[in-house]
Amino acid sequence: MKINLANIKKAKKLLNKSECVAIPTETVYGLAGNAYSDLACKKIYKLKKRPKNNPLIVHYYNTHDLKKDCKFNNTFFKLYKKFCPGPITFILDLNKNSKISKIATNKKNTIAVRFPKHSVTRNLLKNLKFPLAAPSANLSSKVSSVCSADVKEDFGKKIKYVLEGGKSSIGLESTIIDVRKKPKILRLGSLQISSIKKILNKKVIIKNNPSKISIPGQFKLHYSPGIPLRLNVKKIKNNEAYLLIKKIQKTKPNYYFLSKKGDLKEAAKNLYSTLRKIKKNKYKSIAVAKIPNKGLGKTINDRLIRASKF
Ligand code: AMP
Ligand code: MG
(Lines give C-alpha, C1' and ligand atoms only; values in the text may rest on other atoms or scores of the structure.)
(Ligands and ions follow the chains in the order given, each with its own letter.)
Protein backbone atom coordinates (compact mmCIF):
# COMPACT_ATOMS: atom_id res chain seq x y z
CA MET A 1 0.00 0.00 0.00
CA LYS A 2 1.24 3.47 -0.91
CA ILE A 3 1.94 5.48 2.22
CA ASN A 4 0.35 8.91 2.56
CA LEU A 5 2.70 10.83 4.85
CA ALA A 6 0.19 13.65 5.44
CA ASN A 7 -2.27 11.11 6.91
CA ILE A 8 0.40 9.67 9.17
CA LYS A 9 1.32 13.15 10.32
CA LYS A 10 -2.30 13.87 11.19
CA ALA A 11 -2.61 10.61 13.18
CA LYS A 12 0.65 11.35 14.98
CA LYS A 13 -0.48 14.83 15.95
CA LEU A 14 -3.69 13.53 17.51
CA LEU A 15 -1.97 10.60 19.27
CA ASN A 16 0.59 13.02 20.76
CA LYS A 17 -2.35 14.87 22.33
CA SER A 18 -3.69 11.62 23.91
CA GLU A 19 -6.53 11.38 21.40
CA CYS A 20 -7.68 8.06 19.90
CA VAL A 21 -7.13 7.20 16.24
CA ALA A 22 -8.21 4.05 14.37
CA ILE A 23 -5.29 2.29 12.68
CA PRO A 24 -5.17 -0.36 9.95
CA THR A 25 -3.50 -3.69 10.68
CA GLU A 26 -3.27 -6.90 8.70
CA THR A 27 -5.56 -8.68 11.21
CA VAL A 28 -8.33 -6.12 11.93
CA TYR A 29 -8.44 -2.33 12.50
CA GLY A 30 -7.32 -1.15 15.95
CA LEU A 31 -8.57 1.71 18.14
CA ALA A 32 -5.25 3.22 19.15
CA GLY A 33 -4.00 5.55 21.87
CA ASN A 34 -0.70 6.35 23.61
CA ALA A 35 -0.04 3.29 25.83
CA TYR A 36 1.94 5.49 28.27
CA SER A 37 -1.02 7.84 28.80
CA ASP A 38 -3.79 7.06 31.32
CA LEU A 39 -6.00 9.61 29.60
CA ALA A 40 -5.64 8.02 26.14
CA CYS A 41 -6.23 4.51 27.52
CA LYS A 42 -9.34 5.66 29.43
CA LYS A 43 -10.71 7.11 26.17
CA ILE A 44 -10.27 3.74 24.41
CA TYR A 45 -12.35 1.91 27.03
CA LYS A 46 -15.02 4.59 26.96
CA LEU A 47 -15.35 4.66 23.16
CA LYS A 48 -15.52 0.87 22.87
CA LYS A 49 -17.73 0.48 25.98
CA ARG A 50 -15.16 -2.17 26.93
CA PRO A 51 -15.25 -3.76 30.42
CA LYS A 52 -12.37 -2.31 32.48
CA ASN A 53 -11.07 -5.78 33.35
CA ASN A 54 -10.29 -6.60 29.71
CA PRO A 55 -6.70 -5.37 29.15
CA LEU A 56 -5.46 -3.92 25.86
CA ILE A 57 -2.89 -5.22 23.38
CA VAL A 58 0.09 -2.87 23.08
CA HIS A 59 1.66 -2.42 19.63
CA TYR A 60 5.39 -1.82 19.14
CA TYR A 61 7.61 -1.10 16.16
CA ASN A 62 10.38 -3.50 17.30
CA THR A 63 12.06 -5.07 20.34
CA HIS A 64 14.30 -2.07 20.90
CA ASP A 65 11.34 -0.12 22.25
CA LEU A 66 9.91 -3.16 24.03
CA LYS A 67 13.02 -3.69 26.19
CA LYS A 68 12.16 -0.70 28.36
CA ASP A 69 8.75 -2.07 29.25
CA CYS A 70 8.97 -5.85 29.63
CA LYS A 71 11.09 -8.95 30.01
CA PHE A 72 11.53 -11.51 27.29
CA ASN A 73 12.99 -14.97 26.92
CA ASN A 74 14.12 -17.50 24.30
CA THR A 75 10.61 -18.73 23.46
CA PHE A 76 9.63 -15.16 22.69
CA PHE A 77 12.71 -14.60 20.53
CA LYS A 78 12.24 -17.73 18.45
CA LEU A 79 8.66 -16.78 17.61
CA TYR A 80 9.52 -13.11 17.13
CA LYS A 81 12.26 -13.93 14.62
CA LYS A 82 9.99 -16.18 12.60
CA PHE A 83 6.63 -14.39 12.70
CA CYS A 84 7.15 -10.70 13.47
CA PRO A 85 5.99 -8.30 12.33
CA GLY A 86 2.83 -10.37 12.01
CA PRO A 87 -0.42 -11.68 13.51
CA ILE A 88 0.89 -12.99 16.86
CA THR A 89 0.39 -11.44 20.32
CA PHE A 90 2.68 -12.35 23.23
CA ILE A 91 1.87 -12.25 26.94
CA LEU A 92 5.03 -11.08 28.76
CA ASP A 93 6.00 -9.93 32.26
CA LEU A 94 6.08 -6.17 32.71
CA ASN A 95 9.22 -4.46 34.04
CA LYS A 96 8.71 -2.78 37.42
CA ASN A 97 9.69 0.62 36.02
CA SER A 98 7.68 0.25 32.79
CA LYS A 99 5.87 3.38 31.63
CA ILE A 100 2.83 1.45 30.36
CA SER A 101 -0.42 2.89 31.76
CA LYS A 102 -1.97 0.70 34.46
CA ILE A 103 -5.30 1.36 32.77
CA ALA A 104 -4.06 -0.53 29.66
CA THR A 105 -3.04 -3.62 31.65
CA ASN A 106 -5.83 -3.49 34.23
CA LYS A 107 -3.09 -3.25 36.90
CA LYS A 108 -1.76 -6.71 35.97
CA ASN A 109 1.98 -7.36 36.01
CA THR A 110 1.69 -8.87 32.53
CA ILE A 111 1.20 -7.21 29.16
CA ALA A 112 -0.02 -8.35 25.72
CA VAL A 113 2.29 -7.10 22.94
CA ARG A 114 2.18 -7.26 19.16
CA PHE A 115 4.21 -6.03 16.18
CA PRO A 116 1.74 -5.36 13.36
CA LYS A 117 2.88 -5.84 9.77
CA HIS A 118 0.69 -3.30 7.95
CA SER A 119 3.04 -0.80 6.29
CA VAL A 120 0.96 2.29 7.20
CA THR A 121 0.85 1.41 10.89
CA ARG A 122 4.52 0.42 10.93
CA ASN A 123 5.38 3.79 9.52
CA LEU A 124 3.27 5.48 12.20
CA LEU A 125 4.81 3.42 15.06
CA LYS A 126 8.31 4.23 13.82
CA ASN A 127 7.47 7.92 14.07
CA LEU A 128 6.07 7.87 17.60
CA LYS A 129 7.85 8.15 20.94
CA PHE A 130 5.48 5.66 22.59
CA PRO A 131 3.83 2.30 21.81
CA LEU A 132 0.15 2.15 20.91
CA ALA A 133 -2.48 0.45 23.03
CA ALA A 134 -4.97 -0.76 20.43
CA PRO A 135 -7.80 -3.23 20.92
CA SER A 136 -9.96 -4.01 17.91
CA ALA A 137 -11.83 -0.95 16.59
CA ASN A 138 -15.39 -2.10 17.24
CA LEU A 139 -17.95 -1.78 20.02
CA SER A 140 -17.28 -4.29 22.80
CA SER A 141 -18.67 -7.80 22.11
CA LYS A 142 -19.45 -6.94 18.48
CA VAL A 143 -17.86 -7.85 15.14
CA SER A 144 -14.38 -6.42 14.50
CA SER A 145 -13.72 -3.83 11.78
CA VAL A 146 -11.80 -4.82 8.67
CA CYS A 147 -11.95 -1.48 6.80
CA SER A 148 -12.28 2.22 7.57
CA ALA A 149 -16.02 2.21 6.69
CA ASP A 150 -16.66 -0.41 9.43
CA VAL A 151 -14.93 1.80 12.00
CA LYS A 152 -16.99 4.82 10.92
CA GLU A 153 -20.17 2.74 11.08
CA ASP A 154 -19.43 1.79 14.72
CA PHE A 155 -18.13 5.10 16.07
CA GLY A 156 -19.38 7.84 13.73
CA LYS A 157 -18.07 11.25 14.72
CA LYS A 158 -17.01 10.01 18.18
CA ILE A 159 -13.69 8.98 16.75
CA LYS A 160 -11.36 11.82 15.79
CA TYR A 161 -9.59 10.14 12.87
CA VAL A 162 -9.41 6.86 10.95
CA LEU A 163 -6.06 6.24 9.30
CA GLU A 164 -6.83 4.69 5.91
CA GLY A 165 -5.14 1.39 5.10
CA GLY A 166 -7.54 -0.49 2.81
CA LYS A 167 -9.12 -3.80 3.73
CA SER A 168 -7.26 -5.90 6.34
CA SER A 169 -5.52 -8.69 4.43
CA ILE A 170 -6.19 -11.41 7.03
CA GLY A 171 -9.49 -10.34 8.59
CA LEU A 172 -9.23 -12.33 11.86
CA GLU A 173 -7.60 -11.27 15.14
CA SER A 174 -4.08 -12.29 16.16
CA THR A 175 -3.18 -15.57 17.87
CA ILE A 176 -2.47 -14.86 21.57
CA ILE A 177 0.28 -16.89 23.22
CA ASP A 178 1.53 -16.69 26.80
CA VAL A 179 5.29 -17.30 26.50
CA ARG A 180 6.30 -16.62 30.12
CA LYS A 181 6.51 -20.30 31.11
CA LYS A 182 5.26 -23.28 29.13
CA PRO A 183 3.90 -21.79 25.88
CA LYS A 184 0.13 -21.50 26.12
CA ILE A 185 -2.29 -20.40 23.38
CA LEU A 186 -5.00 -18.18 24.91
CA ARG A 187 -6.83 -17.21 21.72
CA LEU A 188 -6.90 -18.98 18.36
CA GLY A 189 -6.02 -16.61 15.57
CA SER A 190 -4.79 -16.27 12.06
CA LEU A 191 -1.40 -17.78 12.84
CA GLN A 192 -1.73 -21.54 12.94
CA ILE A 193 -0.77 -23.52 16.03
CA SER A 194 1.05 -26.10 13.89
CA SER A 195 3.50 -23.46 12.63
CA ILE A 196 4.10 -22.23 16.20
CA LYS A 197 4.79 -25.81 17.38
CA LYS A 198 7.19 -26.35 14.49
CA ILE A 199 9.33 -23.36 15.47
CA LEU A 200 9.35 -24.11 19.22
CA ASN A 201 9.72 -27.84 18.77
CA LYS A 202 7.91 -28.48 22.04
CA LYS A 203 4.46 -28.99 23.47
CA VAL A 204 2.11 -26.02 23.22
CA ILE A 205 -0.82 -25.90 25.64
CA ILE A 206 -4.13 -24.72 24.21
CA LYS A 207 -6.35 -22.97 26.73
CA ASN A 208 -9.05 -21.67 24.50
CA ASN A 209 -12.12 -23.60 25.60
CA PRO A 210 -15.10 -21.25 25.09
CA SER A 211 -16.79 -22.62 28.23
CA LYS A 212 -13.78 -21.76 30.44
CA ILE A 213 -12.74 -18.13 30.55
CA SER A 214 -9.01 -17.73 31.19
CA ILE A 215 -8.68 -14.26 29.68
CA PRO A 216 -11.36 -11.61 29.38
CA GLY A 217 -11.22 -11.87 25.57
CA GLN A 218 -12.87 -15.23 25.97
CA PHE A 219 -16.09 -13.68 27.30
CA LYS A 220 -18.98 -15.76 26.11
CA LEU A 221 -20.68 -13.42 23.65
CA HIS A 222 -18.09 -11.87 21.37
CA TYR A 223 -17.72 -11.09 17.68
CA SER A 224 -21.51 -10.75 17.53
CA PRO A 225 -23.25 -9.33 14.45
CA GLY A 226 -26.05 -8.17 16.79
CA ILE A 227 -28.58 -10.80 15.63
CA PRO A 228 -28.91 -14.48 16.61
CA LEU A 229 -26.68 -16.93 14.78
CA ARG A 230 -26.88 -20.75 14.72
CA LEU A 231 -24.27 -23.21 13.53
CA ASN A 232 -23.97 -26.39 11.43
CA VAL A 233 -27.33 -25.76 9.78
CA LYS A 234 -28.49 -28.02 6.97
CA LYS A 235 -32.02 -26.63 6.64
CA ILE A 236 -32.71 -22.94 7.10
CA LYS A 237 -35.85 -21.33 8.49
CA ASN A 238 -37.99 -18.72 6.73
CA ASN A 239 -36.37 -15.28 6.51
CA GLU A 240 -32.98 -16.46 7.72
CA ALA A 241 -29.77 -15.48 5.95
CA TYR A 242 -27.70 -18.55 5.04
CA LEU A 243 -23.93 -18.31 5.35
CA LEU A 244 -21.87 -20.87 3.44
CA ILE A 245 -18.15 -21.46 3.11
CA LYS A 246 -18.24 -21.87 -0.69
CA LYS A 247 -20.36 -20.80 -3.59
CA ILE A 248 -23.06 -23.21 -4.74
CA GLN A 249 -24.83 -23.13 -8.08
CA LYS A 250 -28.42 -23.04 -6.83
CA THR A 251 -28.13 -19.74 -5.01
CA LYS A 252 -30.86 -17.52 -3.58
CA PRO A 253 -30.89 -13.82 -2.54
CA ASN A 254 -30.54 -14.78 1.15
CA TYR A 255 -27.44 -16.96 0.54
CA TYR A 256 -24.05 -15.45 1.41
CA PHE A 257 -20.76 -17.11 0.45
CA LEU A 258 -17.47 -16.66 2.30
CA SER A 259 -15.36 -17.85 -0.64
CA LYS A 260 -15.65 -19.04 -4.21
CA LYS A 261 -14.25 -22.52 -3.75
CA GLY A 262 -14.02 -23.08 0.01
CA ASP A 263 -10.61 -21.43 0.47
CA LEU A 264 -10.26 -20.80 4.23
CA LYS A 265 -7.99 -17.76 3.89
CA GLU A 266 -10.48 -16.08 1.57
CA ALA A 267 -13.31 -17.06 3.94
CA ALA A 268 -11.49 -15.57 6.95
CA LYS A 269 -10.94 -12.31 5.10
CA ASN A 270 -14.63 -12.06 4.21
CA LEU A 271 -16.13 -13.29 7.50
CA TYR A 272 -16.72 -10.06 9.43
CA SER A 273 -17.70 -7.95 6.43
CA THR A 274 -20.27 -10.59 5.41
CA LEU A 275 -21.75 -10.69 8.93
CA ARG A 276 -22.03 -6.89 8.85
CA LYS A 277 -23.63 -7.00 5.39
CA ILE A 278 -26.28 -9.52 6.51
CA LYS A 279 -27.21 -7.33 9.49
CA LYS A 280 -27.42 -4.27 7.22
CA ASN A 281 -29.71 -6.17 4.87
CA LYS A 282 -32.15 -6.41 7.80
CA TYR A 283 -32.15 -10.18 8.34
CA LYS A 284 -33.27 -11.13 11.84
CA SER A 285 -31.03 -14.21 12.16
CA ILE A 286 -28.18 -16.10 10.49
CA ALA A 287 -27.88 -19.83 9.81
CA VAL A 288 -24.34 -21.03 9.16
CA ALA A 289 -23.63 -24.20 7.18
CA LYS A 290 -20.85 -26.47 8.51
CA ILE A 291 -17.35 -25.06 8.17
CA PRO A 292 -14.43 -27.55 8.10
CA ASN A 293 -12.78 -27.57 11.52
CA LYS A 294 -9.17 -27.61 10.36
CA GLY A 295 -6.45 -24.96 10.02
CA LEU A 296 -7.96 -21.48 9.80
CA GLY A 297 -11.40 -23.12 9.87
CA LYS A 298 -10.83 -23.71 13.60
CA THR A 299 -10.41 -19.98 14.18
CA ILE A 300 -13.45 -19.15 12.02
CA ASN A 301 -15.50 -21.68 14.02
CA ASP A 302 -14.15 -20.28 17.31
CA ARG A 303 -15.43 -16.79 16.37
CA LEU A 304 -18.78 -18.12 15.13
CA ILE A 305 -19.33 -20.21 18.30
CA ARG A 306 -18.79 -17.08 20.43
CA ALA A 307 -21.01 -15.04 18.09
CA SER A 308 -23.76 -17.64 18.55
CA LYS A 309 -24.03 -17.11 22.34
CA PHE A 310 -26.65 -14.44 21.73
P1 AMP B 1 -8.70 -7.26 21.27
O2 AMP B 1 -7.55 -6.35 21.15
O3 AMP B 1 -10.02 -6.59 21.36
O4 AMP B 1 -8.64 -8.31 20.20
O5 AMP B 1 -8.54 -8.02 22.65
C6 AMP B 1 -7.29 -8.14 23.30
C7 AMP B 1 -7.16 -9.50 23.90
O8 AMP B 1 -5.91 -9.61 24.59
C9 AMP B 1 -8.23 -9.78 24.91
O10 AMP B 1 -8.65 -11.10 24.74
C11 AMP B 1 -7.51 -9.60 26.25
O12 AMP B 1 -8.11 -10.30 27.27
C13 AMP B 1 -6.13 -10.13 25.90
N14 AMP B 1 -5.11 -9.59 26.82
C15 AMP B 1 -4.66 -8.34 26.87
N16 AMP B 1 -3.73 -8.19 27.87
C17 AMP B 1 -3.61 -9.39 28.45
C18 AMP B 1 -2.82 -9.91 29.53
N19 AMP B 1 -1.98 -9.15 30.20
N20 AMP B 1 -2.97 -11.21 29.85
C21 AMP B 1 -3.83 -12.00 29.17
N22 AMP B 1 -4.59 -11.57 28.13
C23 AMP B 1 -4.49 -10.30 27.78
MG1 MG C 1 -11.73 -7.38 20.09
Side-chain angles (χ1 to χ4, degrees), residues 11 19-33 35 40-59 87 89 104 106 112 114 116 118 120-121 132-176 187-190 210 215-229 243 258 268-281 286 299-300 302-310:
E19 294 292 356
C20 294
V21 165
I23 55 166
T25 90
E26 70 282 11
T27 58
V28 297
Y29 271 64
L31 182 60
C41 292
K42 274 186 195 159
K43 283 182 187 169
I44 294 174
Y45 281 90
K46 195 168 172 217
L47 274 166
K48 266 184 74 87
K49 303 197 176 102
R50 184 172 174 105
K52 295 222 164 48
N53 62 352
N54 192 2
L56 311 176
I57 296 179
V58 180
H59 296 65
T89 296
N106 184 32
R114 187 164 106 76
H118 196 295
V120 172
T121 288
L132 290 176
S136 50
N138 54 276
L139 295 171
S140 189
S141 89
K142 295 291 192 295
V143 173
S144 300
S145 296
V146 293
C147 62
S148 55
D150 292 347
V151 181
K152 286 173 193 156
E153 184 179 283
D154 283 6
F155 297 101
K157 291 214 169 80
K158 284 192 187 141
I159 186 158
K160 292 256 159 49
Y161 187 55
V162 183
L163 186 56
E164 185 55 65
K167 190 167 177 179
S168 296
S169 60
I170 295 175
L172 289 174
E173 297 78 0
S174 58
T175 303
I176 303 184
R187 176 173 75 184
L188 297 184
S190 43
I215 57 169
Q218 297 171 341
F219 286 137
K220 270 196 173 154
L221 176 71
H222 215 121
Y223 316 108
S224 167
I227 49 176
L229 181 148
L243 186 65
L258 291 175
K269 187 171 177 179
N270 291 329
L271 179 69
Y272 292 142
S273 43
T274 310
L275 292 175
R276 280 179 186 261
K277 200 193 283 172
I278 292 173
K279 172 83 191 317
K280 258 187 252 160
N281 288 347
I286 307 174
T299 308
I300 296 176
D302 171 83
R303 303 302 191 262
L304 288 171
I305 290 169
R306 292 176 209 280
S308 72
K309 309 278 180 212
F310 195 75

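We're numbering straight along the sequence, starting at 1. In this text the structure is predicted, and so the values were computed from the model without any measurement.
Comment: Arg276 engages Glu153 in a salt bridge, judged by a side-chain N to carboxylate O separation of less than 4.0 angstrom.
Here the closest non-hydrogen pair linking Tyr272 and Glu173 is OH-OE1, 2.9 Å. What you find for Val146 and Ser273 is that their closest heavy atoms are CG2-CB, 4.2 Å. Across every non-hydrogen atom of Tyr29 and Ser168, the tightest pair is CD1-OG, 3.7 Å. Taking all atoms of both residues into account, the shortest heavy-atom contact from Ala307 to Pro225 is CB-CD, 4.1 Å. Contact between Leu139 and Asp154 at its shortest, heavy atoms only, is N-OD2, 3.6 Å. Closest approach of Leu229 to Ser308, counting heavy atoms only: O-CB, 3.3 Å.
Using a 4.5 Å heavy-atom threshold, the side chains of Leu243 and Leu275 count as touching.
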query: Can you list the steps and then say if Arg114 with Thr27 is a side chain to side chain donor-acceptor pair (under 3.5 Å)?
result: CA-CA 11 Å; Arg114 187 164 106 76; Thr27 58; 3.2 Å; yes

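Put simply, the residue from Ser174, Ser136, Pro116, Pro87 that forms a side-chain contact (heavy atoms from CB on, under 4.5 Å) with Thr25 is Pro116.
Annotation: the span from Lys152 atom NZ to Lys157 atom NZ amounts to 11.5 Å, rounded to 0.5 Å. Atom CG in Leu56 sits 3.5 Å away from atom OH in Tyr45 (nearest 0.5 Å). Note: Glu26 CD to His118 NE2 = 8.0 Å, rounded to the nearest 0.5 Å. In this structure, NZ in Lys48 is found 10.5 Å from CD1 in Ile159, a value given to the nearest 0.5 Å.
For Lys269, the side-chain contact (heavy atoms from CB on, under 4.5 Å) partners at least two apart in sequence or on another chain are Lys167.
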